[in-house]
Amino acid sequence: MATDTFWSDVDRHLVRYAGPGSFTGEIIDRAEGSFVFTEDGRRILDFTSGQMSAILGHAHPEIVETVRKQAAKLDHLFSGMLSRPVVDLARRLAETLPDPLEKALLLTTGAESNEAALRMAKLVTGKHEIVSFARSWHGMTQAAASATYSAGRKGYGPGAPGNFAIPVPGADWEHQLDLAFDLIDAQSVGSLAACLVEPILSSGGILVPPPGYFQALQRKCRERGMLLILDEAQTGLCRTGTWYAFEHDGVVPDILTVSKTLGAGLPLAAVLTSAEIEQEAHERGYLFFTTHVSDPLPAAVGNTVLDVLIRDRLDERARDLGARLRTGLDEIATRHEAVGEIRGRGLLAGLELSGGGPDTDKLGARVTQRCLELGLHMNIVQLPGMGGVFRIAPPLTASGSEIDLGLSILDEAIGDVS
């Protein structure tokens, strides 16, 4: 198919699902390791691990072999049937987690896992109100989207009832948190069920709450009989330098959701909770019977992901490479006035363009385009009131030279357009 015909078919037949500038202007033909390759032969360093998911890089040989073998043996079942890959993955995930998180529900996407977690929390508590961060992103299905405040709220009619936003913590976070829950208490109809938050707000601009914040938030939940749900779609499974980001914060959630990184680019997600909560949900008739619950093929992939993470000590690698990445970003910040704050943890980093407003938005778009021209794929978050923030999340399998290459291209791109 000719290139012009391809783009004509895009215009004619594809729904645009990401707002203005929906599609990158390249035809991607294949991917391997830390790179994607265009149809015309260009090599592009992938600094977002696909959709923040491919933590083992693209076409990892052990993932490829698992898919080949498992697809030929057992790929999909009636949702009430069980297979060994599913039970093995549930057990092995529990082994990576502190007590009392030992029960797993295996699903497909982050939105679906958050939907299932919220449904469980509402059933177990007998309540329905949900608290989450302003600038949060939890998915595009009804309950998950209703708890999402960074984008997509306008024009779709009413969301799920009883959703409240609290501010992303700032310097005076203790007073801010007290005030937030004073306002929630004033608005609540007495039915506070759960608080759903990300340990690091990714789509919100790589915002890392300060030490002590999550312990205080958990106390607020306990005082009100709420469950704490942590969404580790982008932070789970070694990306931040520990197996789970909540390990930095001295808390254990009542319910944990993991997705993106669990399948290393394939659709796999999980809800993890305690035996006590699961028992209460079961006794109340918990129902989340979907087409691809407990599918053996993605579960087998999840087991291979755990094999590689454990064997290759990728939590340690994320810490080491993350330090290298942070040093390079700090050096870029000293060379360019357009660069503001650098933040993040491990191999999840954010570079904020200073200023904010239309000029910063335009600069972010120009830097993104120039990076692509130079062979680097970057993702920029642009929210009202913030400068553009580049989200940087290379594969955990990236080499040091690939980290350096990405930094070099980003440095050049900022210099070219600022």
Side-chain angles (χ1 to χ4, degrees), residues 48-60 62-64 66-67 70 75-76 83-98 101-117 120 137-139 141 144 196 198-200 202 229-247 253 255-273 288 290 292-315 317-318 346-348 393-397:
T48 64
S49 302
Q51 188 62 37
M52 322 297 283
S53 304
I55 56 170
L56 305 184
H58 299 282
H60 189 284
E62 289 171 73
I63 299 292
V64 171
T66 295
V67 171
Q70 190 64 41
D75 55 357
H76 170 71
S83 60
R84 288 195 178 275
V86 167
V87 178
D88 287 346
L89 182 56
R91 171 182 50 79
R92 295 182 69 197
L93 281 171
E95 290 169 353
T96 70
L97 288 161
L101 300 174
E102 60 178 327
K103 290 277 195 169
L105 172 65
L106 300 183
L107 301 164
T108 56
T109 67
E112 190 181 33
S113 64
N114 287 329
E115 203 79 20
M120 181 179 291
W137 182 283
H138 297 295
T141 52
L196 169 64
E198 303 160 88
I200 298 175
S202 178
I229 306 171
L230 292 183
D231 176 357
E232 294 232 21
Q234 298 190 33
T235 55
L237 299 179
C238 300
R239 179 168 287 290
T240 66
T242 55
W243 271 78
Y244 301 94
F246 71 75
E247 295 176 58
I255 303 176
L256 173 70
T257 64
V258 292
S259 51
K260 293 177 180 292
T261 56
L262 180 57
L266 277 77
L268 178 62
V271 178
L272 297 128
T273 192
F288 207 86
T290 73
H292 293 288
V293 65
S294 294
D295 256 355
L297 174 56
V301 169
N303 280 305
T304 299
V305 170
L306 294 186
D307 290 342
V308 176
L309 292 174
I310 294 166
R311 183 195 67 210
D312 296 346
R313 298 181 178 177
L314 292 187
D315 53 339
R317 185 172 180 80
L347 282 177
L348 180 62
L396 309 190
T397 52

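With hydrogens and angles disregarded, no donor-acceptor distance shorter than 3.5 Å links the side chain of Glu232 to the backbone of Leu256. A distance-only check finds no donor-acceptor pair linking the side chain of Lys260 to the backbone of Gly110 [under 3.5 Å]. Side chain of Ser49 to backbone of Pro394: a donor-acceptor contact under 3.5 angstrom is found. Using modelled atom types, one side-chain atom of Thr261 and one backbone atom of Gly236 make a donor-acceptor pair closer than 3.5 Å.
Partners of Thr242 according to the side-chain hydrogen bond (donor to acceptor under 3.5 Å, both in side chains) rule, which considers only residues two or more places apart in sequence or in another chain, are His248. With sequence neighbours left out, the side-chain hydrogen bond (donor to acceptor under 3.5 Å, both in side chains) criterion links Arg313 to no other residue. Every residue meeting the side chain to side chain contact (heavy atoms under 4.5 Å, CB included) condition with Ala117, not counting sequence neighbours, appears here in chain and number order: Ile229, Ile255, Thr257, Val271. By the side-chain hydrogen bond (donor to acceptor under 3.5 Å, both in side chains) test, Asp307 is found to be paired with Arg92, residues two or more places apart in sequence or in another chain being considered. Legend: residues meeting side-chain hydrogen bond (donor to acceptor under 3.5 Å, both in side chains) with His292, ordered by chain and number and at least two apart, are Asp295. Not counting sequence neighbours, Asp75 has no partner by the salt bridge (charged side-chain N to carboxylate O under 4.0 Å, His left out) test.
The distance from atom CD1 of Ile200 to atom CD of Gln234, rounded to the nearest 0.5 Å, is 10.0 Å. To the nearest 0.5 Å, the span separating CG on Leu314 from CG on Leu347 amounts to 10.0 Å. The line from CG of Leu309 to SG of Cys238 is 4.5 Å long, rounded to the nearest 0.5 Å. To the nearest 0.5 Å, the span separating CG on Leu262 from CG on Leu306 amounts to 6.5 Å. Note that OG1 of Thr235 and CG of Leu230 are 8.5 Å apart. Values are rounded to the nearest 0.5 Å. Atoms NZ and OG1, from Lys103 and Thr273 in turn, are 10.5 Å apart once rounded to the nearest 0.5 Å.
When all heavy atoms are compared, the tightest approach of Pro267 to Pro298 is O-CB, 3.7 Å. Considering all non-hydrogen atoms of both residues, Ala318 and Leu396 come closest at CB-CD2, 4.2 Å. Heavy-atom minimum distance, Leu89 versus Gly302: CD1-C, 3.8 Å. Considering all non-hydrogen atoms of both residues, Leu56 and Ala264 come closest at CG-CB, 4.2 Å. For the pair Ala111 and Ala144, the tightest heavy-atom approach, listed with the atom from each and the gap, is O-CB, 4.1 Å. For the pair Thr397 and Gly57, the tightest heavy-atom approach, listed with the atom from each and the gap, is OG1-N, 3.5 Å.
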### Query
Between Leu266 and Val305, does a side-chain contact (heavy atoms from CB on, under 4.5 Å) hold up when you go through it step by step?
CA-CA 11 Å; Leu266 277 77; Val305 170; over 6 Å; no
### Query
For Val301 and Ile63, what are the C-alpha separation, side-chain angles and deciding distance, and is it a side-chain contact (heavy atoms from CB on, under 4.5 Å)?
CA-CA 6 Å; Val301 169; Ile63 299 292; 4.0 Å; yes
### Task
Before giving the answer on side-chain contact (heavy atoms from CB on, under 4.5 Å), spell out for Leu106 and Leu93 the whole-Å C-alpha distance, their side-chain angles and the decisive distance to 0.1 Å.
CA-CA 11 Å; Leu106 300 183; Leu93 281 171; 4.3 Å; yes
### Query
For Ile55 and Arg239, what are the C-alpha separation, side-chain angles and deciding distance, and is it a side-chain contact (heavy atoms from CB on, under 4.5 Å)?
CA-CA 8 Å; Ile55 56 170; Arg239 179 168 287 290; 3.4 Å; yes
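Proximity of Glu115 to Phe288: side-chain heavy atoms (C-beta onward) are separated by under 4.5 Å at one or more points. Thr240 is not listed as a side-chain neighbour of Phe246, based on a closest heavy-atom distance of 4.5 Å or more. With contacts defined as side-chain heavy-atom distances shorter than 4.5 Å, the pair Pro253/Leu101 qualifies.
Checked by atom type, the side-chain pair Asn114/Asp231 shows a donor-acceptor distance below 3.5 Å.
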